[in-house]
Amino acid sequence: ALAANISPILDELLPSWATYSWYVNSSHGQMEFLLDEKNLDLEAFGLGAPPSFPGSGLAFRFRSDLGVTPGATFTWADQSGNGHNATQATGGQQPTLAYGGIHGLPYLAWAAVTNLKATIPALSQPCEFFCVFSTTTPATTQYLLDTGTNSQIVVLSSSEFSTYAGGTTFGASPNVSANVVHYGDIQLNGASSHASIDGGSNASGSPGGNGGTTTLTVGNFGGGGNGLLGGLYEVFAYSRILTSVERAAVVSYLNARYT
C-alpha cells in the first residue's frame with residue numbers, strides 16, 4: 001500500500017529516465033527503493049532522509065543563502081541556533097553578496113581586507129572546522145577562519161588547505177585549484193590533528209595545542225590584511241571531533257550541495 005501511494009508522487013517528481021524498484025529491507029523493517037544505483041530509505045510511515053546533519057556541539061554555522069543582510073552593518077546570521085552572528089560595520093571591509101555561484105547558489109565575494117567578526121565561546125581542542133570556498137589565486141596566503149589572532153586558523157598556504165594552532169602549519173592534498181569550489185575539513189586535536197580537502201584522505205600533523213579566544217574572524221587573519229581572494233559559501237565548526245558516521249553525513253551533505 002505504501003508503494004502504491006508513493007509511486008505516483010515519485011513518477012511526477014523524478015525525471016522520465018529514472019527507474020526504481022520497491023523492496024522491504026528485513027534488517028531494519030523499512031521500505032526502500034533503488035534509484036539510479038543509489039539506495040534511498042523510505043521509513044514505514046513516510047519519506048525517509050539521508051543521515052541528519054550533526055547538531056550536537058555545533059559552535060557556529062554560516063551559509064551564504066541564509067541570514068545575509070547587507071547594510072551599514074553587514075550581518076551574516078549564525079545558523080547554529082547559538083546567535084553568534086558575524087558582522088562588519090566598516091564599509092570597505094564588508095563582503096559583497098554575489099549570485100551565480102555553483103549550482104546557482106549565492107556566495108559572499110571576499111577581498112584581502114574583507115572580514116567579519118563574531119563573539120563566540122572560546123574553542124578548546126579537540127574541535128573541528130569545515131569551510132566551503134573558492135579562490136582566484138590559491139598560491140597566495142589567505143585566511144578562512146581565525147579564532148583569535150593566530151590562535152586556531154584555517155588558511156590557504158602555498159595552495160594547500162591548511163591549519164595552524166601555535167606549532168607548525170600543515171595542509172591537505174591535492175592542492176587547491178583556482179576558481180573551483182572546494183570544501184575542507186580541519187580536525188584540531190594536538191599531535192593527532194587532521195586536514196582533508198574535498199572528502200579526500202586525511203593528512204596528519206601537529207599544528208599545536210592552542211585554544212581559541214572569544215573573537216572569531218571569518219574570512220581573514222585576526223589581525224587583518226590576509227583575506228580570502230574569492231568566495232565563501234559556508235563555514236561551520238564543532239566544539240568536539242565528529243564521529244566517523246557524523247563526518248560521513250557532513251561530507252554527503254557537502255558533496256550533494258557543492259560538487
Side-chain angles (χ1 to χ4, degrees), residues 53 58-71 73-80 84-118 120 128-147 152-157 159-163 171-172 176-186 195-199 215-222 224-238 250-251 253-259:
F53 190 96
L58 188 61
F60 57 82
R61 186 183 184 189
F62 304 102
R63 224 172 78 173
S64 59
D65 62 334
L66 296 172
V68 178
T69 307
T73 297
F74 189 103
T75 301
W76 201 1
D78 178 18
Q79 303 301 311
S80 72
H84 305 316
N85 297 342
T87 62
Q88 179 54 259
T90 301
Q93 297 180 18
Q94 294 177 353
T96 301
L97 180 60
Y99 297 90
I102 190 169
H103 305 316
L105 291 170
Y107 61 95
L108 297 188
W110 231 261
V113 298
T114 307
N115 70 91
L116 298 175
K117 300 284 190 180
I120 63 171
E128 189 160 359
F129 301 86
F130 292 87
C131 297
V132 185
F133 64 95
S134 65
T135 176
T136 59
T137 53
T140 301
T141 299
Q142 302 159 65
Y143 289 76
L144 303 178
L145 291 173
D146 192 351
T147 63
Q152 300 164 327
I153 65 169
V154 179
V155 61
L156 302 184
S157 177
S159 299
E160 288 187 337
F161 180 76
S162 306
T163 187
V176 170
S177 299
N179 302 310
V180 172
V181 175
H182 295 280
Y183 66 85
D185 172 21
I186 297 293
S196 67
I197 187 77
D198 298 334
T215 299
L216 169 70
T217 302
V218 180
N220 214 317
F221 173 56
N226 291 98
L228 173 67
L229 303 175
L232 270 181
Y233 286 84
E234 186 165 357
V235 292
F236 52 98
Y238 291 88
V250 171
V251 168
Y253 158 77
L254 294 172
N255 275 328
R257 185 171 177 83
Y258 297 113
T259 62

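Just so it is clear, the structure is predicted and the values come from calculations on it, not from any experiment.
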Nearest 0.5 Å please: distance from the CZ atom of F74 over to the OG1 atom of T114.
9.5 Å
Verify, without hydrogens or angle tests, whether N226 (side chain) and N220 (backbone) share a donor-acceptor contact under 3.5 angstrom.
no
Could you go step by step and tell me if T135 and L228 meet the side-chain contact (heavy atoms from CB on, under 4.5 Å) rule?
CA-CA 7 Å; T135 176; L228 173 67; 4.1 Å; yes
Has the side chain of Y233 got a donor or acceptor atom that lies under 3.5 Å from a matching backbone atom of I102?
yes
Does R61 make a cation-pi contact with F53, if we ask for NZ or CZ under 6.0 Å from the ring centre and within 45° of the axis?
yes
Backbone of Q94 reached by a side-chain donor or acceptor of Q88 within 3.5 Å
no
Check whether the side chains of D78 and S80 place a donor and an acceptor atom closer than 3.5 Å, and report yes or no.
yes
Does any part of the side chain of R257, heavy atoms only, come nearer than 4.5 Å to the side chain of L105, both counted from C-beta?
yes
Would you give the length of the straight line joining atom CD1 of I120 to atom CG of N85, rounded to the nearest 0.5 angstrom?
13.0 Å
Is H182 reaching over with its side chain to a backbone N or O of D198, donor-acceptor style, under 3.5 angstrom?
no
Can you give me the closest heavy-atom contact between A112 and L229, atom names plus distance?
N-CD2, 3.6 Å
State the CG-OH distance between D65 and Y107, to the nearest 0.5 angstrom.
14.5 Å
Looking at T137, is its backbone amide N or carbonyl O close enough to the side chain of Q142 to form a donor-acceptor pair, meaning the two atoms are under 3.5 Å apart?
yes
For A118 and A86, which heavy atoms make the closest approach, and how far apart are they?
CB-CA, 3.9 Å
Show the numbers, then the answer: is there a side-chain contact (heavy atoms from CB on, under 4.5 Å) between T217 and K117?
CA-CA 5 Å; T217 302; K117 300 284 190 180; 2.7 Å; yes
Considering residues at least two apart in sequence or located in another chain, which fulfil the ring-ring contact (aromatic ring centres under 6.0 Å, His included) criterion with Y183?
none
Counting only N and O atoms by type, is there a donor-acceptor contact under 3.5 Å from the side chain of W76 to the main-chain atoms of R63?
yes
Kindly indicate, with the supporting measurements, whether the criterion side-chain contact (heavy atoms from CB on, under 4.5 Å) is fulfilled by V250 and Y238.
CA-CA 12 Å; V250 171; Y238 291 88; 4.3 Å; yes
Please report the closest heavy-atom contact between V251 and G199, naming both atoms and the distance.
CG1-CA, 4.5 Å
Any side-chain heavy-atom pair from V132 and V235 closer than 4.5 angstrom?
no
side-chain contact (heavy atoms from CB on, under 4.5 Å), that's the test. Do F161 and L144 meet it? Break it down for me.
CA-CA 10 Å; F161 180 76; L144 303 178; 3.7 Å; yes
Between CZ of F62 and CD of E234, what distance do you get to the nearest 0.5 Å?
11.0 Å
G171 and S162: which non-hydrogen atoms are nearest, and at how many Å?
CA-OG, 3.5 Å
From CZ (F133) to OH (Y258), nearest 0.5 Å
12.5 Å
Side chain S64, main chain L108, donor-acceptor under 3.5 Å:
no
Restricting to non-hydrogen atoms, name the atom on V154 and the atom on C131 that form the minimum distance, rounded to 0.1 Å.
CG1-SG, 4.0 Å
Is the backbone of I153 close enough, under 3.5 Å, to the side chain of T163 for a donor and an acceptor to pair up by distance?
yes
In Å and rounded to the nearest 0.5 Å, what is the OG to CH2 distance from S134 to W110?
12.0 Å
